[in-house]
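Below, chain A is the first sequence line, B the second, and so on; all start at residue 1. All values below were derived from every heavy atom in this structure, side-chain atoms included, with hydrogens, water molecules and symmetry-related copies excluded.
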Amino acid sequence: MANSFDQTLDVKGAKCPMPLVKSRKAIADLTVGQVLKVVATDRGSVADFQGWAKTAKNVELVAQETEQEGGQDLYVHYLKRTS
Amino acid sequence: MTIEMSETFDTQTLLERINALESRVNELEAHPAQGIEDRVAMVVFSGELDKAIAAFIIATGAASMGLEVSMFFTFWGLNAVKKQKIFTGKDLLEQGFTAMLPGKLGETGLSQMNFFGAGAQIIRGLMRKHDVSSPEELFGLAQELGVRMVVCDMSRELLGVRDAELVDGLETGGVATFLGDAARAKVTLFI
């Protein structure tokens, strides 16, 4: 089942810590309950977003998936703003 | 948990214990600063580029995760938050230190494999090639994200560094400034 989301953030090419920094800004622009879809190429972002969701009080990691695009791996994260 | 059946319920004693508990709770609530916060407190003691990069990446990452971040720049760490060199109004020894030390982050070298600055340039080139934000961008981002940056005044004086040589927007403090934040932090680092 495809995950639903309200906003998409493209951080392809961005390296640590930029996917996190940009997502944090994008999440702040959402209203509570909305979901942000983050598309990254940084492999470390998979564990990074898990760590963030574990630490943060206002973010829930709904799902993570890996996609292929033009021979490169895309790491897709769905983050819900919870407060 | 076992209950002492032989112990009789003395209302007076119970009330006293409740009162004691209440005053303890009030006391703790009046001093929330004593509790642990979602904070990272860092001592940036080293002034080399690679260590500064590590410090600023941790700071920006932590701030993005919603953690409060405090950075304390002391001793060689001051190199990471300088913006220029000033020689006027300094004594000979201070001028010597100024001449020998980097005048800004862009002049700092690596802690290993520096090769008189060539190593630092190679690392900067690699960071560009791999689309990693530059050390200067990371520093600006840290400020933007509200990272608290405190300069140790004692080491600033010791090394003859003037306020005008430091980046704008820094606080001044001492060891207690660090410990005040570190004692309440979940993460403390010495870089």
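- A heavy-atom distance below 4.5 Å is not found between the side chains of B:Arg156 and B:Glu165.
- Residues B:Ser111 and B:Asp50 have side chains that bring a donor and an acceptor to within less than 3.5 angstrom of each other.
- In this structure, no portion of B:Ile58 lies under 4.5 Å from any heavy atom of chain A.
- Highest contact tally toward chain B, considering only A:Pro17, A:Ala53, A:Ser23, A:Ala28, is held by A:Pro17 [criterion: heavy-atom pairs under 4.5 Å].
- Using a 4.5 Å heavy-atom cutoff, the side chains of A:Tyr75 and A:Pro19 are not in contact.
- For a residue to count as touching a neighbouring chain, one of its non-hydrogen atoms must lie under 4.5 Å from one of that chain's; by this rule A:Lys22 does not touch chain B.
- For B:Ala63, the part sitting under 4.5 Å from any heavy atom of chain A is the backbone (N, CA, C, O) and nothing else.
- Partner of B:Val167 under the side chain to side chain contact (heavy atoms under 4.5 Å, CB included) criterion, chosen from B:Met149, B:Gln143, B:Lys82: B:Gln143.
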